[in-house]
Number of protein chains: 2
Amino acid sequence: MSKLRNTCAHELMDITPHIIQSIRVEMRRGRGSDISVPQFRTLRFIQRHPDSSLSYLAEHLGLTLPSVSKLVDGLVKQKLLVRHESSVDRRQLMLLLTRSGSSIVDSARSEAQQNLANKLNSLSENELKTISEAMQLLRPIFDSQDKH
Amino acid sequence: MSKLRNTCAHELMDITPHIIQSIRVEMRRGRGSDISVPQFRTLRFIQRHPDSSLSYLAEHLGLTLPSVSKLVDGLVKQKLLVRHESSVDRRQLMLLLTRSGSSIVDSARSEAQQNLANKLNSLSENELKTISEAMQLLRPIFDSQDKH
DNA sequence: TATTGTTATACTCTATAACTATA
DNA sequence: TATAGTTATAGAGTATAACAATA
(Lines give C-alpha, C1' and ligand atoms only; values in the text may rest on other atoms or scores of the structure.)
Protein backbone atom coordinates (compact mmCIF):
# COMPACT_ATOMS: atom_id res chain seq x y z
CA MET A 1 0.00 0.00 0.00
CA SER A 2 1.96 2.95 -1.33
CA LYS A 3 1.29 6.45 -0.10
CA LEU A 4 2.61 7.81 -3.38
CA ARG A 5 0.07 5.80 -5.31
CA ASN A 6 -2.74 7.52 -3.49
CA THR A 7 -1.10 10.86 -4.00
CA CYS A 8 -0.90 10.22 -7.73
CA ALA A 9 -4.51 9.10 -7.88
CA HIS A 10 -5.53 12.27 -6.12
CA GLU A 11 -3.45 14.47 -8.40
CA LEU A 12 -4.85 12.80 -11.48
CA MET A 13 -8.41 13.47 -10.31
CA ASP A 14 -7.51 17.02 -9.54
CA ILE A 15 -5.57 18.09 -12.56
CA THR A 16 -6.75 16.00 -15.50
CA PRO A 17 -10.13 17.78 -15.78
CA HIS A 18 -8.35 21.13 -16.11
CA ILE A 19 -6.26 19.79 -18.97
CA ILE A 20 -9.30 18.38 -20.76
CA GLN A 21 -11.14 21.65 -20.39
CA SER A 22 -8.20 23.46 -21.93
CA ILE A 23 -8.09 21.02 -24.83
CA ARG A 24 -11.83 21.41 -25.36
CA VAL A 25 -11.49 25.16 -25.61
CA GLU A 26 -8.57 24.94 -28.03
CA MET A 27 -10.48 22.47 -30.15
CA ARG A 28 -13.53 24.66 -30.29
CA ARG A 29 -11.85 27.81 -31.41
CA GLY A 30 -9.95 26.23 -34.27
CA ARG A 31 -10.08 28.29 -37.46
CA GLY A 32 -11.27 25.54 -39.73
CA SER A 33 -12.57 23.10 -37.19
CA ASP A 34 -14.88 23.80 -34.19
CA ILE A 35 -15.10 20.20 -33.19
CA SER A 36 -15.74 18.48 -29.85
CA VAL A 37 -13.14 16.36 -28.09
CA PRO A 38 -15.04 13.07 -28.62
CA GLN A 39 -15.55 13.97 -32.27
CA PHE A 40 -11.86 14.70 -32.64
CA ARG A 41 -10.88 11.47 -30.95
CA THR A 42 -13.19 9.53 -33.25
CA LEU A 43 -11.86 11.08 -36.43
CA ARG A 44 -8.29 10.72 -35.24
CA PHE A 45 -8.75 7.05 -34.44
CA ILE A 46 -10.30 6.29 -37.81
CA GLN A 47 -7.51 8.20 -39.47
CA ARG A 48 -5.02 5.93 -37.76
CA HIS A 49 -7.14 2.79 -38.04
CA PRO A 50 -9.18 3.06 -41.23
CA ASP A 51 -11.92 0.47 -41.79
CA SER A 52 -12.40 0.01 -38.05
CA SER A 53 -15.71 -1.40 -36.91
CA LEU A 54 -17.94 0.47 -34.51
CA SER A 55 -17.16 -1.96 -31.70
CA TYR A 56 -13.45 -1.53 -32.17
CA LEU A 57 -13.84 2.22 -32.02
CA ALA A 58 -16.07 1.96 -28.94
CA GLU A 59 -13.45 -0.09 -27.18
CA HIS A 60 -10.79 2.50 -27.88
CA LEU A 61 -12.96 5.37 -26.73
CA GLY A 62 -14.14 3.50 -23.65
CA LEU A 63 -17.76 4.27 -24.50
CA THR A 64 -20.84 2.13 -25.03
CA LEU A 65 -21.95 1.08 -28.51
CA PRO A 66 -25.07 3.29 -28.55
CA SER A 67 -23.01 6.32 -27.54
CA VAL A 68 -20.52 5.71 -30.30
CA SER A 69 -23.24 4.94 -32.81
CA LYS A 70 -24.74 8.35 -32.16
CA LEU A 71 -21.36 10.06 -32.21
CA VAL A 72 -20.58 8.49 -35.58
CA ASP A 73 -24.04 9.39 -36.80
CA GLY A 74 -23.36 13.06 -36.23
CA LEU A 75 -20.04 12.87 -38.04
CA VAL A 76 -21.64 11.05 -40.98
CA LYS A 77 -24.30 13.74 -41.19
CA GLN A 78 -21.54 16.34 -41.31
CA LYS A 79 -19.96 14.27 -44.08
CA LEU A 80 -16.71 13.82 -42.18
CA LEU A 81 -17.04 10.07 -41.96
CA VAL A 82 -18.62 7.30 -44.05
CA ARG A 83 -19.94 3.90 -43.04
CA HIS A 84 -19.27 0.97 -45.35
CA GLU A 85 -20.71 -2.47 -44.89
CA SER A 86 -18.16 -5.21 -44.49
CA SER A 87 -18.54 -7.82 -47.19
CA VAL A 88 -17.07 -10.49 -44.94
CA ASP A 89 -19.49 -10.04 -42.04
CA ARG A 90 -22.44 -7.94 -42.97
CA ARG A 91 -23.17 -7.03 -39.36
CA GLN A 92 -19.97 -5.05 -39.17
CA LEU A 93 -19.25 -1.52 -40.30
CA MET A 94 -16.09 -0.25 -41.84
CA LEU A 95 -15.53 3.40 -40.98
CA LEU A 96 -13.55 5.76 -43.17
CA LEU A 97 -12.77 9.46 -43.21
CA THR A 98 -14.01 11.57 -46.08
CA ARG A 99 -11.62 14.02 -47.67
CA SER A 100 -13.26 16.74 -45.64
CA GLY A 101 -13.00 14.72 -42.43
CA SER A 102 -9.36 14.13 -43.07
CA SER A 103 -8.69 17.80 -43.63
CA ILE A 104 -10.60 18.85 -40.52
CA VAL A 105 -8.90 16.40 -38.23
CA ASP A 106 -5.53 17.53 -39.51
CA SER A 107 -6.17 21.20 -38.92
CA ALA A 108 -7.83 20.58 -35.55
CA ARG A 109 -4.89 18.50 -34.45
CA SER A 110 -2.24 20.91 -35.53
CA GLU A 111 -4.00 24.00 -34.17
CA ALA A 112 -4.82 22.46 -30.81
CA GLN A 113 -1.38 20.98 -30.52
CA GLN A 114 0.22 24.30 -31.28
CA ASN A 115 -1.90 26.12 -28.72
CA LEU A 116 -1.23 23.49 -26.10
CA ALA A 117 2.47 23.61 -26.83
CA ASN A 118 2.41 27.35 -26.29
CA LYS A 119 1.02 26.78 -22.83
CA LEU A 120 4.02 24.61 -22.05
CA ASN A 121 6.30 27.51 -22.85
CA SER A 122 7.51 28.07 -19.33
CA LEU A 123 8.83 24.54 -18.93
CA SER A 124 12.47 23.49 -19.35
CA GLU A 125 13.56 20.59 -21.50
CA ASN A 126 13.99 18.45 -18.40
CA GLU A 127 10.53 19.28 -17.16
CA LEU A 128 9.07 18.43 -20.54
CA LYS A 129 10.91 15.14 -20.41
CA THR A 130 9.33 14.37 -17.04
CA ILE A 131 5.90 15.02 -18.45
CA SER A 132 6.51 12.95 -21.54
CA GLU A 133 7.75 10.05 -19.44
CA ALA A 134 4.72 10.31 -17.19
CA MET A 135 2.41 10.18 -20.20
CA GLN A 136 4.20 7.10 -21.51
CA LEU A 137 3.69 5.42 -18.14
CA LEU A 138 0.02 6.32 -18.03
CA ARG A 139 -0.81 5.35 -21.59
CA PRO A 140 -0.85 1.56 -21.21
CA ILE A 141 -2.79 1.83 -17.97
CA PHE A 142 -5.64 3.93 -19.32
CA ASP A 143 -5.80 3.02 -23.00
CA SER A 144 -7.70 -0.25 -23.03
CA GLN A 145 -6.39 -1.11 -26.47
CA ASP A 146 -2.82 -0.74 -25.35
CA LYS A 147 -3.46 -3.53 -22.90
CA HIS A 148 -4.81 -5.41 -25.95
CA MET B 1 10.65 25.94 -30.80
CA SER B 2 11.08 22.70 -28.88
CA LYS B 3 10.29 19.36 -30.47
CA LEU B 4 9.65 17.94 -27.03
CA ARG B 5 7.02 20.57 -26.35
CA ASN B 6 5.05 19.43 -29.36
CA THR B 7 5.47 15.84 -28.33
CA CYS B 8 4.11 16.63 -24.89
CA ALA B 9 1.18 18.53 -26.36
CA HIS B 10 0.40 15.59 -28.57
CA GLU B 11 0.64 13.11 -25.71
CA LEU B 12 -1.61 15.22 -23.53
CA MET B 13 -4.29 15.31 -26.23
CA ASP B 14 -3.94 11.59 -26.73
CA ILE B 15 -3.90 10.29 -23.20
CA THR B 16 -5.81 12.75 -21.01
CA PRO B 17 -9.22 11.78 -22.42
CA HIS B 18 -8.59 8.15 -21.50
CA ILE B 19 -7.80 9.13 -17.93
CA ILE B 20 -10.92 11.27 -17.65
CA GLN B 21 -13.06 8.49 -19.01
CA SER B 22 -11.66 6.16 -16.38
CA ILE B 23 -12.33 8.68 -13.61
CA ARG B 24 -15.88 9.18 -14.89
CA VAL B 25 -16.55 5.45 -14.74
CA GLU B 26 -15.10 5.15 -11.23
CA MET B 27 -17.16 8.10 -10.09
CA ARG B 28 -20.34 6.67 -11.50
CA ARG B 29 -20.13 3.28 -9.90
CA GLY B 30 -19.43 4.52 -6.40
CA ARG B 31 -21.48 2.74 -3.74
CA GLY B 32 -22.96 5.83 -2.16
CA SER B 33 -22.32 8.37 -4.88
CA ASP B 34 -23.12 8.06 -8.63
CA ILE B 35 -22.01 11.56 -9.40
CA SER B 36 -20.62 13.16 -12.54
CA VAL B 37 -17.11 14.55 -12.80
CA PRO B 38 -18.24 18.21 -13.03
CA GLN B 39 -20.58 17.67 -10.09
CA PHE B 40 -17.76 16.15 -8.10
CA ARG B 41 -15.41 18.98 -8.96
CA THR B 42 -18.01 21.52 -7.91
CA LEU B 43 -18.68 19.90 -4.55
CA ARG B 44 -14.98 19.37 -3.94
CA PHE B 45 -14.19 23.01 -4.67
CA ILE B 46 -16.91 24.29 -2.37
CA GLN B 47 -15.71 21.90 0.29
CA ARG B 48 -12.26 23.45 0.05
CA HIS B 49 -13.52 26.99 -0.53
CA PRO B 50 -16.79 27.37 1.36
CA ASP B 51 -18.83 30.52 0.72
CA SER B 52 -17.41 30.88 -2.78
CA SER B 53 -19.41 32.91 -5.25
CA LEU B 54 -20.62 31.47 -8.53
CA SER B 55 -18.10 33.49 -10.51
CA TYR B 56 -15.24 32.25 -8.39
CA LEU B 57 -16.37 28.69 -8.90
CA ALA B 58 -16.79 29.25 -12.64
CA GLU B 59 -13.27 30.57 -12.88
CA HIS B 60 -11.88 27.49 -11.18
CA LEU B 61 -13.87 25.10 -13.34
CA GLY B 62 -13.04 27.01 -16.50
CA LEU B 63 -16.71 27.13 -17.49
CA THR B 64 -19.10 29.95 -18.35
CA LEU B 65 -21.41 31.41 -15.73
CA PRO B 66 -24.61 29.99 -17.25
CA SER B 67 -23.08 26.51 -17.35
CA VAL B 68 -22.08 26.71 -13.72
CA SER B 69 -25.40 28.23 -12.72
CA LYS B 70 -27.15 25.19 -14.17
CA LEU B 71 -24.66 22.77 -12.65
CA VAL B 72 -25.19 24.32 -9.22
CA ASP B 73 -28.93 24.29 -9.79
CA GLY B 74 -28.89 20.52 -10.18
CA LEU B 75 -26.86 20.07 -7.03
CA VAL B 76 -29.17 22.37 -5.07
CA LYS B 77 -32.16 20.33 -6.26
CA GLN B 78 -30.42 17.20 -5.00
CA LYS B 79 -29.87 19.03 -1.70
CA LEU B 80 -26.11 18.64 -1.88
CA LEU B 81 -25.46 22.36 -2.02
CA VAL B 82 -27.15 25.52 -0.75
CA ARG B 83 -27.07 29.05 -2.09
CA HIS B 84 -26.90 31.91 0.41
CA GLU B 85 -27.15 35.54 -0.47
CA SER B 86 -24.14 37.60 0.50
CA SER B 87 -25.12 40.40 2.87
CA VAL B 88 -22.17 42.49 1.72
CA ASP B 89 -22.97 42.46 -1.99
CA ARG B 90 -26.43 41.17 -2.68
CA ARG B 91 -25.61 40.23 -6.26
CA GLN B 92 -23.24 37.54 -5.06
CA LEU B 93 -23.98 34.04 -3.89
CA MET B 94 -22.27 32.17 -1.12
CA LEU B 95 -22.22 28.45 -1.83
CA LEU B 96 -22.07 25.84 0.90
CA LEU B 97 -22.23 22.04 1.09
CA THR B 98 -25.08 20.45 2.96
CA ARG B 99 -24.29 17.62 5.33
CA SER B 100 -25.40 15.21 2.64
CA GLY B 101 -23.25 16.94 0.02
CA SER B 102 -20.27 16.75 2.29
CA SER B 103 -20.76 13.06 2.91
CA ILE B 104 -21.22 12.29 -0.77
CA VAL B 105 -18.16 14.16 -1.89
CA ASP B 106 -16.11 12.37 0.74
CA SER B 107 -17.21 8.92 -0.29
CA ALA B 108 -16.95 9.69 -4.00
CA ARG B 109 -13.45 11.00 -3.49
CA SER B 110 -12.19 8.10 -1.45
CA GLU B 111 -13.78 5.42 -3.63
CA ALA B 112 -12.61 6.90 -6.91
CA GLN B 113 -9.17 7.56 -5.50
CA GLN B 114 -8.89 3.99 -4.27
CA ASN B 115 -9.96 2.56 -7.63
CA LEU B 116 -7.58 4.83 -9.48
CA ALA B 117 -4.75 3.93 -7.13
CA ASN B 118 -5.41 0.25 -7.86
CA LYS B 119 -4.89 0.93 -11.53
CA LEU B 120 -1.46 2.31 -10.73
CA ASN B 121 -0.52 -0.99 -9.14
CA SER B 122 2.00 -2.00 -11.74
CA LEU B 123 4.12 1.12 -11.31
CA SER B 124 7.29 1.34 -9.24
CA GLU B 125 7.92 4.04 -6.66
CA ASN B 126 10.18 5.83 -9.10
CA GLU B 127 7.59 5.76 -11.82
CA LEU B 128 4.97 7.10 -9.43
CA LYS B 129 7.36 9.87 -8.54
CA THR B 130 7.73 10.79 -12.19
CA ILE B 131 3.95 11.01 -12.55
CA SER B 132 3.55 13.06 -9.41
CA GLU B 133 6.23 15.48 -10.55
CA ALA B 134 4.58 15.81 -13.94
CA MET B 135 1.26 16.62 -12.31
CA GLN B 136 2.89 19.28 -10.18
CA LEU B 137 4.37 20.83 -13.28
CA LEU B 138 1.07 20.78 -15.13
CA ARG B 139 -1.05 22.10 -12.29
CA PRO B 140 -0.09 25.79 -12.44
CA ILE B 141 -0.33 25.77 -16.22
CA PHE B 142 -3.86 24.43 -16.45
CA ASP B 143 -5.48 25.58 -13.22
CA SER B 144 -6.38 29.16 -13.93
CA GLN B 145 -6.64 29.94 -10.25
CA ASP B 146 -3.15 28.71 -9.61
CA LYS B 147 -1.92 31.42 -11.94
CA HIS B 148 -4.13 33.78 -9.91
C1' DT C 1 -22.37 51.65 -16.59
C1' DA C 2 -20.41 47.40 -14.96
C1' DT C 3 -21.00 43.14 -12.45
C1' DT C 4 -23.49 38.94 -10.68
C1' DG C 5 -26.34 35.70 -11.62
C1' DT C 6 -30.55 33.47 -14.17
C1' DT C 7 -33.40 32.11 -18.14
C1' DA C 8 -34.16 30.69 -22.84
C1' DT C 9 -32.52 28.01 -26.38
C1' DA C 10 -29.92 24.69 -28.79
C1' DC C 11 -26.59 21.02 -29.26
C1' DT C 12 -23.61 17.40 -27.80
C1' DC C 13 -22.37 13.52 -24.69
C1' DT C 14 -23.55 9.47 -22.38
C1' DA C 15 -26.09 5.64 -20.51
C1' DT C 16 -29.69 1.74 -20.24
C1' DA C 17 -33.25 -0.85 -22.44
C1' DA C 18 -35.37 -2.72 -26.34
C1' DC C 19 -34.89 -3.82 -30.94
C1' DT C 20 -33.17 -5.63 -35.91
C1' DA C 21 -30.21 -8.11 -38.79
C1' DT C 22 -26.66 -11.26 -39.41
C1' DA C 23 -23.75 -15.19 -38.01
C1' DT D 1 -27.96 -18.33 -29.34
C1' DA D 2 -24.53 -14.72 -29.70
C1' DT D 3 -22.78 -10.57 -31.90
C1' DA D 4 -22.93 -5.89 -34.40
C1' DG D 5 -25.25 -2.09 -34.64
C1' DT D 6 -29.50 1.14 -34.24
C1' DT D 7 -33.43 3.39 -32.05
C1' DA D 8 -35.93 5.19 -28.13
C1' DT D 9 -35.58 7.58 -24.14
C1' DA D 10 -33.73 10.34 -20.56
C1' DG D 11 -30.65 13.29 -18.23
C1' DA D 12 -26.32 15.96 -17.80
C1' DG D 13 -22.87 19.24 -19.79
C1' DT D 14 -21.87 23.23 -22.35
C1' DA D 15 -22.31 27.52 -24.99
C1' DT D 16 -24.32 32.11 -26.67
C1' DA D 17 -27.75 35.58 -26.26
C1' DA D 18 -30.95 38.14 -23.69
C1' DC D 19 -32.36 39.48 -19.31
C1' DA D 20 -32.93 41.19 -14.10
C1' DA D 21 -31.07 42.94 -10.01
C1' DT D 22 -27.55 45.19 -7.63
C1' DA D 23 -23.46 48.11 -7.28
Side-chain angles (χ1 to χ4, degrees), chain A residues 17-18 20-30 33-43 46 51-78 80-95 108, chain B residues 17-18 20-30 33-43 46 51-78 80-95 108:
Chain A
H18 287 288
I20 278 287
Q21 177 62 18
S22 179
I23 293 174
R24 176 174 7 225
V25 171
E26 303 304 349
M27 216 70 104
R28 278 306 206 44
R29 72 168 181 215
S33 42
D34 189 20
I35 207 177
S36 75
V37 172
Q39 287 172 337
F40 172 75
R41 294 183 70 210
T42 298
L43 295 177
I46 299 304
D51 287 338
S52 288
S53 72
L54 202 65
S55 303
Y56 190 56
L57 172 62
E59 190 193 343
H60 168 77
L61 296 176
L63 301 174
T64 62
L65 264 175
S67 297
V68 179
S69 177
K70 202 171 163 189
L71 186 51
V72 163
D73 213 52
L75 293 168
V76 168
K77 274 173 187 147
Q78 290 179 67
L80 304 180
L81 210 57
V82 288
R83 287 184 262 234
H84 288 282
E85 205 180 54
S86 162
S87 49
V88 188
D89 180 341
R90 282 166 53 214
R91 291 172 306 183
Q92 281 191 43
L93 294 182
M94 295 181 356
L95 298 168
Chain B
H18 287 288
I20 279 288
Q21 176 62 17
S22 179
I23 293 174
R24 175 175 356 206
V25 170
E26 303 303 351
M27 215 69 107
R28 280 307 207 40
R29 73 169 179 211
S33 41
D34 190 17
I35 208 178
S36 75
V37 172
Q39 286 172 337
F40 172 75
R41 294 182 70 209
T42 298
L43 296 176
I46 299 305
D51 286 339
S52 288
S53 72
L54 202 65
S55 302
Y56 191 56
L57 172 62
E59 191 193 345
H60 167 77
L61 296 176
L63 300 174
T64 62
L65 264 175
S67 297
V68 179
S69 178
K70 202 173 160 188
L71 186 51
V72 163
D73 213 51
L75 293 168
V76 168
K77 274 175 187 145
Q78 291 180 66
L80 304 180
L81 212 57
V82 288
R83 287 183 263 233
H84 288 283
E85 206 179 53
S86 162
S87 50
V88 187
D89 180 341
R90 282 168 53 218
R91 291 172 304 182
Q92 282 191 39
L93 293 183
M94 296 182 353
L95 298 168

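This is a predicted model, so every value here is computed, not measured. Each chain gets a letter, A, B and so on, in the order the sequences are listed, and its residues count up from 1. No hydrogens, no waters, no symmetry mates; every other heavy atom, side chains included, goes into these values.
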What is the separation between atom [atom1] on [X] and atom [atom2] on [N], rounded to the nearest whole Å?
X     : N      : atom1 : atom2 : result
B/I35 : C/dA15 : CD1   : C1'   : 17 Å
B/R28 : C/dT16 : CZ    : C1'   : 11 Å
B/Y56 : C/dT4  : OH    : P     : 14 Å
B/M27 : C/dC13 : CE    : P     : 21 Å
B/H84 : C/dT4  : NE2   : C1'   : 18 Å
B/R90 : C/dG5  : CZ    : P     : 14 Å
A/K70 : C/dA15 : NZ    : P     : 12 Å
B/R29 : C/dA15 : CZ    : C1'   : 15 Å

With heavy atoms under 4.0 Å as the rule, sort [X] into base, sugar-phosphate or nothing.
X     : answer
B/L63 : sugar-phosphate
B/L65 : base
B/R41 : nothing

Rounded distance [0.5 Å steps], [atom1] in [X] versus [atom2] in [Y]:
X     : Y     : atom1 : atom2 : result
B/I35 : B/L80 : CD1   : CG    : 6.5 Å
A/L54 : A/S69 : CG    : OG    : 5.5 Å
A/R41 : A/I46 : CZ    : CD1   : 12.0 Å

Only counting residues at least two apart or in another chain, list the ones meeting side chain to side chain donor-acceptor pair (under 3.5 Å) with [X].
X     : result
B/S36 : B/Q39
A/R29 : A/E26
A/R28 : none
A/S22 : A/K119

query = Shortest non-hydrogen contact from A/P17 to B/V37?
reply =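 Looking at all heavy atoms of both residues, the closest pair is CG-CG1, 4.4 Å.
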Exercise. Which pair of non-hydrogen atoms, one from B/H60 and one from A/H18, has the smallest distance, and what is that distance?
Worked result: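 Looking at all heavy atoms of both residues, the shortest contact is O-CE1, 3.2 Å.
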A/S67 or B/V68, whichever maps to the more 5' nucleotide of DNA chain C
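Nearer the 5' end of the strand: B/V68.
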Residue pair A/V88/A/Q78 against DNA chain C: nearer the 5' end by closest nucleotide is A/Q78
B/Q21 side chain vs A/G62 backbone, donor-acceptor pair below 3.5 Å =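 The answer is yes, because a donor-acceptor pair under 3.5 Å joins these two groups.
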**Request:** Keeping the roles fixed (side chain from A/T42, backbone from A/P38), state whether a donor-acceptor pair exists under 3.5 Å.
**Result:** yes
Verify the contact: side-chain N or O of [X] to OP1 or OP2 of [N], cut-off strictly under 4.0 Å; return yes or no.
X     : N      : answer
A/T64 : C/dT14 : no
A/S36 : C/dT12 : no
B/R91 : C/dA2  : no

Its 5'-most and 3'-most nucleotides having an atom under 4.0 Å from a non-hydrogen atom of chain A, DNA chain D is contacted over D/dA2 to D/dA15
On DNA chain D, does the nearest nucleotide to A/Q92 precede the nearest nucleotide to A/D73 from the 5' side, or the other way round? Give the residue.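 Closer to the 5' end of DNA chain D: A/Q92.
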Between B/Q39 and B/E85, the residue closer to the 5' end of DNA chain D by nearest nucleotide is B/Q39
Dump every N/O contact between nucleotides 17-19 of chain C and the protein below 3.5 Å, one line per pair.
none

Among C/dA15, C/dT6, C/dC13, the one nearest A/P38 by side-chain distance:
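Nearest listed nucleotide: C/dC13.
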Angle between the end axes of the helix from C/dT1-D/dA23 to C/dA23-D/dT1, five pairs per end, to the nearest 10 degrees?
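Taking five pairs per end, the axes differ by 10°.
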Does A/D73 have any salt bridge (charged side-chain N to carboxylate O under 4.0 Å, His left out) partners at least two apart in sequence or in another chain, and if so, which?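 Here the qualifying residues are A/K77, A/R83.
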Handout entry: Close side-chain approach of B/V82 to B/L95, heavy-atom, < 4.5 Å
Key =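 No - every pair of side-chain heavy atoms lies 4.5 Å or more apart.
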